[in-house]
Amino acid sequence: MPLFLSSAWMNTWLEVYGSTLGVDLWQHREGEELQGACLLSRRREYRGPIPVRCPYLNAIGEDGG
């Protein structure tokens with residue numbers, strides 16, 4: 001499993017960004033068994049004068065460099 005998908009990485013990510021972003025945890029289960037999970041954050045960005053709510057999976061939507 002890639003480091004960025006590990007539970008250790010996700011827990012650290014939530015400790016750093018979770019309280020400021022309002023992150024949701026999405027889970028997929030089959031019966032009682034967890035099959036997968038991802039983090040969903042949202043950020044308001046502007047497309048010209050129009051505000052757009054953008055969702056990000058397992059990311060915070062940081063500006064590119």
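For clarity, every value in this text was computed on a predicted model and none was experimentally measured.
Screening residues 5-20 for salt bridge (charged side-chain N to carboxylate O under 4.0 Å, His left out), with sequence neighbours left out, gives no hits.
Taking the side-chain contact (heavy atoms from CB on, under 4.5 Å) definition, one finds that L57 meets it with C38, L40, sequence neighbours left out.
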Using atom types as modelled, flag every donor-acceptor pair under 3.5 Å from a side chain in residues 24-32 to any protein atom, sequence neighbours excluded.
{"unit_1": "D24", "atom_1": "OD2", "unit_2": "R42", "atom_2": "NH1", "d": "2.9"}
{"unit_1": "D24", "atom_1": "OD2", "unit_2": "R42", "atom_2": "NH2", "d": "3.4"}
{"unit_1": "Q27", "atom_1": "OE1", "unit_2": "R29", "atom_2": "NE", "d": "3.2"}
{"unit_1": "Q27", "atom_1": "OE1", "unit_2": "R29", "atom_2": "NH2", "d": "3.1"}
{"unit_1": "R29", "atom_1": "NH1", "unit_2": "E32", "atom_2": "O", "d": "3.2"}

